[in-house]
Amino acid sequence: MTLRFASLGSGSKGNGTLVASGDHCLLVDCGFTIRETERRMARLGLSPADLSAILVTHEHSDHLSGVAPLARKYGLPVYLTPGTLRARDIGKLPSVHLIEGHQPFSVADIQVTPVAVPHDAREAAQFVFRSRGTSLGLLTDLGTVTPHVENHFAGCDGLVLEANHDPQMLAQGPYPPSLKRRVGGAYGHLSNQQAAGFLQRVGSEQLQHLVVAHISEKNNTIELARAALAEAAERAANCIFACQQEGFDWLQLEKSG
Ligand SMILES: [Zn+2]
Ligand SMILES: [Zn+2]
C-alpha cells in the first residue's frame with residue numbers, strides 16, 4: 001500500500017501527524033492530552049490502539065507533551081534520538097527505540113529517514129517516509145534550510161512544510177523581543193518566504209500534495225502564507241493549509257512514474 005497521511009493539529013499549541021501504509025499507522029509527535037488525542041484520532045477514523053509506534057521529532061512541548069502518557073496507556077513503542085530522550089524528563093516509556101546516527105530505519109513496512117535540522121532543541125530530527133514507491137517529507141520546526149535538508153526533501157511525492165511566520169507580523173506582534181529573535185533566528189522557525197525559497201529550489205512539479213503547516217496563529221495568516229507561497233507552489237497538484245484546531249484530513253499518495 002502507498003502512503004497516506006493526516007494531522008491531528010498543527011501549530012505551537014500542539015502537533016500530531018499520522019503516517020499510514022496498509023494496516024500500519026505511525027503517529028509523529030503528540031502535543032495533546034490523551035483525551036484530546038483520542039478525540040482527534042476518532043475524527044480521522046482511528047484509535048491510538050491502531051498505532052504501530054510513536055516517533056518524536058524533538059522535545060518542545062507542542063510535540064512531546066502527550067507522547068509518554070499515550071505510549072503508556074496504549075503500550076506503544078517510541079522512536080526518538082538520544083538527544084531528545086535526554087533533553088528533559090519525558091516520563092516512563094514502555095519501549096524506547098533510539099534513532100542512531102541518522103540512519104534510516106523501518107517500522108512495519110514504512111521506511112523512515114531521519115534528517116537533522118537546525119532548531120533550538122538538543123537533537124531535532126525531521127523525517128522522510130517511504131513505502132511502495134511513494135515518499136512523504138515532514139519538515140517543520142527549523143530555522144534555516146540547509147543543503148542537507150534540501151538533499152533529503154527534494155523529490156518527495158507529498159510534503160508537509162512549515163511556513164511559520166510573516167517577518168513583519170512577527171516584528172510588530174505581541175511576542176517579547178527575546179522570543180521574536182528566537183522564532184525568527186537560524187534555530188527557530190521558517191518564515192513564509194523561507195518556505196517559498198525552499199520550494200523554488202527543490203521544485204514543486206512532483207508534489208501530489210503540499211501541506212503548509214505549523215502556521216503561527218499570532219504571527220501569520222493563511223492569506224499571507226498563501227500569497228508568499230503561491231508562485232513556488234504553483235506546480236503542486238494540491239496545496240492545502242493545516243490548522244491548529246483541525247489539522248488536515250487524510251491525503252493519499254499515488255505511485256508516480
Ligand atoms: Zn513546534
Ligand atoms: Zn520546536
Side-chain angles (χ1 to χ4, degrees), residues 5-19 26-33 36-37 40 54-68 70 78-90 99 102 114-128 136-146 148-149 153 159-167 169-170 173-176 178-192 194-195 198 211-222 225 241-248:
F5 60 111
S7 163
L8 309 184
S10 176
S12 60
K13 292 192 188 119
N15 295 275
T17 311
L18 297 169
V19 180
L26 313 180
L27 175 61
V28 184
D29 294 331
C30 184
F32 305 104
T33 61
E36 193 57 26
T37 304
R40 289 176 185 237
I54 306 175
L55 276 61
V56 184
T57 59
H58 64 297
E59 68 271 23
H60 292 158
S61 51
D62 55 322
H63 300 263
L64 183 75
S65 65
V67 169
L70 193 72
V78 176
Y79 290 72
L80 73 187
T81 64
T84 300
L85 180 66
R86 286 187 214 111
R88 60 149 107 166
D89 185 8
I90 293 177
I99 296 169
H102 302 284
V115 183
V117 294
H119 191 51
D120 53 358
R122 270 284 189 95
E123 193 181 358
Q126 294 293 318
F127 300 111
V128 178
L136 166 69
L138 198 58
L139 185 61
T140 70
D141 296 78
L142 70 166
T144 321
V145 177
T146 61
H148 177 69
V149 166
F153 285 85
L159 182 63
V160 178
L161 175 64
E162 171 170 72
N164 176 259
H165 57 275
D166 170 72
M169 270 189 83
L170 177 66
Y175 282 8
S178 61
L179 189 53
K180 286 182 182 180
R181 277 195 299 275
R182 207 216 105 199
V183 169
Y187 292 84
H189 291 274
L190 291 186
S191 69
N192 296 339
Q194 284 174 294
F198 165 77
V211 181
V212 183
H214 218 300
I215 301 169
S216 171
E217 293 181 307
K218 293 211 168 71
N219 306 309
N220 207 356
T221 64
I222 287 182
F241 293 79
C243 76
Q244 183 69 75
Q245 274 310 311
E246 306 284 330
F248 57 87

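Indexing begins at 1, ligand by ligand and atom by atom, following the structure's order. Below, all heavy atoms of this structure are taken into account, side chains as well, without hydrogens, waters or symmetry copies.
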Asker: Fit a plane to each ring of His189 and His119, take the angle between them on a 0 to 90° scale, and name the class: parallel (under 30°), tilted (30 to 60°) or perpendicular (over 60°).
Answerer: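 The arrangement is perpendicular - the two ring planes meet at more than 60°.
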Asker: So which heavy atom on Pro82 is nearest to which on Ile99, and how close?
Answerer: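 Distance-wise, the nearest heavy atoms are CD-O, 3.4 Å.
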Asker: Give a yes or no on whether His214 keeps an N, O or S atom under 2.8 Å from the Zn ion (ligand 1).
Answerer: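 Under 2.8 Å: His214 contacts the Zn ion (ligand 1) through an N, O or S atom.
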Asker: With the Zn ion (ligand 2) at the centre, find the angle made by OD2 from Asp141 and NE2 from His119, to 10°.
Answerer: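 Taking the Zn ion (ligand 2) as the apex, the two atoms subtend 100°.
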Asker: Above 12 or not: heavy atoms from other molecules or residues under 6.0 Å from CZ of Arg88?
Answerer: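 Enclosed.
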Asker: Once rounded to 10 degrees, what value does the angle at the Zn ion (ligand 2) take between ND1 (His60) and NE2 (His58)?
Answerer: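 It comes to 90°.
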Asker: Got a sec: does the CZ of Phe241 have more than 12 other heavy atoms crowding it under 6.0 Å?
Answerer: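 Yes, CZ of Phe241 has more than 12 neighbouring heavy atoms, counting only those of other groups under 6.0 Å.
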Asker: Tell me which N, O or S atom of Asp62 sits nearest to the Zn ion (ligand 1).
Answerer: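 The closest N, O or S atom of Asp62 to the Zn ion (ligand 1) is OD2.
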